[in-house]
There are 2 protein chains.
Amino acid sequence: MATIKDVAEKAGVTVTTVSRVLNNRGYISEETREKVYRVMREMQYQPNEIARSLSRKKTMILGMIIPTIAHPFFAELTNYIEKHASKLGYKILLCNSRMDQGKEKEYIDMLTSNRVDGMFMSSHTLEVDEYKKLKQPIITFDRRIADIPYVSSENEQGGIYAAELLLKKGCRRIAHITGNLGLDLLSNQRTNGFVKSLRGRGVEPIVFELGPDVFDSEGYERVITELLEQYPDIDGIFASGDILAMNVIKVCMSKGIDIPGRIKLIGYDDIEMASLVSPALTTIRQPLEEIAKRAVQLLDGLIRGEEVQHDNVLPVTLVERSTT
Amino acid sequence: MATIKDVAEKAGVTVTTVSRVLNNRGYISEETREKVYRVMREMQYQPNEIARSLSRKKTMILGMIIPTIAHPFFAELTNYIEKHASKLGYKILLCNSRMDQGKEKEYIDMLTSNRVDGMFMSSHTLEVDEYKKLKQPIITFDRRIADIPYVSSENEQGGIYAAELLLKKGCRRIAHITGNLGLDLLSNQRTNGFVKSLRGRGVEPIVFELGPDVFDSEGYERVITELLEQYPDIDGIFASGDILAMNVIKVCMSKGIDIPGRIKLIGYDDIEMASLVSPALTTIRQPLEEIAKRAVQLLDGLIRGEEVQHDNVLPVTLVERSTT
DNA sequence: AACTGTATGTCAACCGGTTGACATGTCAAA
DNA sequence: TTTGACATGTCAACCGGTTGACATACAGTT
């Protein structure tokens with residue numbers, strides 16, 4: 001690969017001049033500028049970003065730590081993160097923690113070693129102290145950790161919407177299936193809002209919590225089947241994620257339970273798939289692109305050394321389709 | 001951030017010794033090794049990978065260029081790529097080309113500038129020559145470009161499986177919906193196999209090709225609706241992707257067309273979602289994890305300067321579910 | 001004639017590691 | 001006593017850029 005020296009020699013100038021052209025600093029005549037650019041093109045010169053990063057102490061790389069990119073929610077989130085980050089010139093290093101503490105820690109160290117300018121954390125398997133130790137700019141999703149700025153959505157309100165809709169539709173025997181509540185995530189507030197709202201109307205929901213290790217369809221199906229067998233009179237279900245809700249549809253189909261006829265179902269997130277499945281899923285929509293955009297703005301702000309807003313809670317909306 | 005010099009000073013040794021400890025080279029006494037490690041821990045030292053990369057001329061980073069991570073097929077593929085790449089110590093830089101030539105070119109340049117050790121290309125909007133120019137180790141998916149090693153699956157066989165199943169189920173008025181055939185992808189062979197197989201049995205399929213810009217659900221729906229209205233007597237459809245097939249289900253549902261009653265449907269890929277939707281999708285399964293694993297092995301081989309196999313075509317299987 | 005703005009060049013330090021060449025010293029085996 | 005494996009140190013070049021300090025030279029103003 002050609003280096004800045006090769007370019008300088010061939011163009012008959014010094015590396016300082018080439019560097020000036022490259023970085024638009026100091027005085028450069030139009031003539032020299034063009035000559036340098038021409039030589040660069042001829043030699044197919046690509047400046048070595050590694051060397052630049054080293055001397056500038058800036059990599060323009062951001063780390064994205066998520067449980068798994070295979071999950072549509074994280075895939076869509078990451079998609080928007082990449083979209084908005086690339087507008088500002090940042091690249092994304094992808095890290096799938098697979099809900100494994102060891103992997104998550106390794107990835108954090110790796111990102112630190114690679115001197116990324118900042119990181120997004122959407123996997124939170126570690127202890128709070130582990131995160132507090134980190135000195136790099138960080139934005140978390142759906143989790144408050146000390147003074148790390150976070151982005152989330154009105155989780156409690158989402159739960160309330162779900163409760164109100166199910167009640168309005170006449171459900172009285174209502175269940176809620178949620179991920180592991182032990183992880184101290186803001187998404188647990190969905191459960192709070194839902195339960196509180198129902199109790200306020202005299203309905204005591206059945207809450208089913210997934211184990212910490214349940215993150216695949218088989219696990220979902222097992223839990224859902226169990227729920228339906230244990231409480232055969234259920235007439236409404238609020239699942240804390242769309243994929244989970246789709247599994248509910250699947251299990252109900254296989255058991256001949258009609259949705260929305262016998263059971264009304266509400267999901268959460270509004271991933272693209274939600275409007276594709278049959279019956280189309282009623283769900284609580286998180287503004288994914290807004291969330292991503294905000295997260296990118298915040299992280300960029302932190303990197304620039306600005307003060308940024310600590311709490312960033314975006315509104316959710318009820319999207320009614322065919323499962324209610 | 002602490003540097004190797006700080007560590008050396010505090011440990012009372014030279015940077016050479018610390019470097020030796022770090023890289024396990026030369027003679028180091030157990031005593032010194034431990035002392036150095038202890039100091040590293042105390043100072044929370046993380047070696048600067050940027051500096052290492054610069055001097056070693058190796059970044060251990062791989063680029064992954066795909067149309068969009070929001071599409072479940074690419075999300076799952078990327079997931080497995082990351083899984084297997086990380087086992088070998090590689091990290092993944094994520095690049096969404098969004099089917100835009102400009103973006104794809106920018107990303108290739110960016111990856112070159114960042115001196116990634118190799119790249120996976122699953123977005124192919126550029127001219128063949130653009131790819132041939134590249135000197136880095138590259139693996140492509142589903143496209144043959146000169147002597148760049150590629151991984152794909154038995155696309156033609158997949159098409160044949162689909163044709164045979166539809167015929168066996170009694171379909172006679174058969175349609176095929178496929179992505180843009182102009183892109184010179186191996187996946188176009190699905191169409192070849194399908195069409196050839198049907199013709200061999202005296203059935204002439206209706207082939208609907210998506211425009212080069214169609215890559216969203218609305219576009220899909222429009223085309224599918226058009227197809228169904230233009231040919232109301234269709235009794236079998238082979239869609240060249242599962243997401244596309246799910247859109248077919250959606251449109252049929254909305255038009256009151258029963259699947260598999262009136263129309264039998266086969267998808268392609270077998271993404272996770274395929275078994276989740278209702279009715280569960282009959283599809284041609286690509287061995288995604290195997291494909292990813294092979295691609296990682298190949299790229300790693302190229303990076304190590306080994307000779308690797310040029311053609312890597314993995315078997316597909318028919319997965320029969322409820323849409324046929 | 002003195003000054004100023006523009007356009008380059010020269011030189012060298014720096015970013016934070018890696019690595020090779022070579023020197024020195026210890027200790028145990030031959 | 002010699003030899004050689006082991007353990008560390010010293011020194012400096014190198015990876016490929018960035019950047020500041022300073023020098024030189026020319027053209028146009030005042």
Side-chain angles (χ1 to χ4, degrees), chain A residues 1-40 43-61 89 109-117 136, chain B residues 1-40 43-61 89 109-117 136:
Chain A
M1 287 249 102
T3 70
I4 198 172
K5 268 179 209 142
D6 303 330
V7 173
E9 270 172 37
K10 195 157 175 192
V13 297
T14 60
V15 293
T16 306
T17 304
V18 177
S19 180
R20 278 177 190 147
V21 170
L22 224 42
N23 298 292
N24 263 319
R25 4 182 327 126
Y27 295 116
I28 290 291
S29 67
E30 212 31 59
E31 207 182 339
T32 306
R33 187 186 305 274
E34 267 163 34
K35 187 171 58 183
V36 170
Y37 275 131
R38 184 161 37 73
V39 173
M40 284 183 182
M43 308 185 75
Q44 295 196 52
Y45 171 71
Q46 299 275 20
N48 185 326
E49 285 295 332
I50 309 284
R52 284 185 161 193
S53 296
L54 182 59
S55 88
R56 288 193 186 147
K57 290 167 166 293
K58 203 155 188 328
T59 55
M60 294 305 282
I61 296 180
D109 286 348
M110 183 276 275
L111 292 174
T112 307
S113 280
N114 280 275
R115 301 297 191 266
V116 296
D117 290 345
Q136 306 97 320
Chain B
M1 288 250 102
T3 71
I4 197 173
K5 267 179 211 141
D6 303 331
V7 173
E9 270 172 38
K10 195 156 175 191
V13 298
T14 61
V15 294
T16 306
T17 304
V18 177
S19 180
R20 277 177 190 147
V21 171
L22 224 40
N23 299 293
N24 264 319
R25 2 182 329 124
Y27 297 115
I28 289 292
S29 67
E30 211 33 58
E31 205 182 341
T32 308
R33 188 185 304 275
E34 266 164 35
K35 186 171 56 181
V36 170
Y37 276 131
R38 183 159 39 73
V39 173
M40 284 184 182
M43 308 184 76
Q44 295 195 51
Y45 171 72
Q46 299 276 18
N48 185 327
E49 285 296 330
I50 309 283
R52 285 185 160 193
S53 296
L54 183 60
S55 87
R56 287 191 187 151
K57 290 166 165 295
K58 203 154 189 325
T59 55
M60 295 305 282
I61 296 180
D109 286 349
M110 182 276 275
L111 292 175
T112 307
S113 279
N114 280 276
R115 301 297 190 267
V116 296
D117 290 346
Q136 308 96 318

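For the numbers below, each heavy atom of this structure counts, side chains included, while hydrogens, waters and symmetry mates do not. Below, chain A is the first sequence line, B the second, and so on; all start at residue 1.
Applying the side-chain hydrogen bond (donor to acceptor under 3.5 Å, both in side chains) test to R20(B) and every residue at least two apart in sequence or in another chain returns nothing. Contacts of S29(B) classified as side-chain hydrogen bond (donor to acceptor under 3.5 Å, both in side chains), with partners at least two apart in sequence or in another chain: T32(B).
Across all strands, T14(A) comes closer than 4.0 Å to base atoms (heavy-atom distances). Using a 4.0 Å heavy-atom distance criterion, T32(A) is classed as a sugar-phosphate-only contact.
Nearest approach of L22(A) to I4(A), heavy atoms of both residues: CD2-CD1, 4.5 Å.
Here salt bridge (charged side-chain N to carboxylate O under 4.0 Å, His left out) pairs that include residues 25-35 of chain A, with residues two or more places apart or in two chains, are E30(A)-R33(A). Sorted by first and then second residue, the salt bridge (charged side-chain N to carboxylate O under 4.0 Å, His left out) pairs involving residues 6-15 of chain B (not counting sequence neighbours) are K10(B)-E42(B).
Counting heavy atoms from C-beta outward, M60(B) and E49(B) have side chains that stay 4.5 Å or more apart.
Across the helix from dA1(C)-dT30(D) to dA30(C)-dT1(D), the helix axis at one end is tilted relative to the axis at the other end by 50° (nearest 10 degrees, each axis from five pairs).
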Summary of protein contacts for nucleotides 12-29 of chain D, nucleotide by nucleotide, where a base hit scores B, a sugar-phosphate-only hit scores S (4.0 Å, heavy atoms): ---BBBSBS---------
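Crowding of K58(A) atom NZ: a count of heavy atoms from other residues, nucleotides or ligands under 6.0 Å exceeding 12.
E30(A) has its CD atom 14 Å from the P atom of dT6(C), to the nearest Å. If you take CG of N24(A) and C1' of dA7(C), they are 15 Å apart, rounded to a whole angstrom. Separating the CD atom of E31(A) from the P atom of dT8(C) is a distance of 7 Å, rounded to the nearest angstrom.
Residue Y27(B) places no side-chain N or O under 4.0 Å from the OP1 or OP2 atom of dA7(D).
The main-chain N or O of V116(B) is never found under 3.5 Å from a side-chain atom of N114(B) such that the two would form a donor-acceptor pair.
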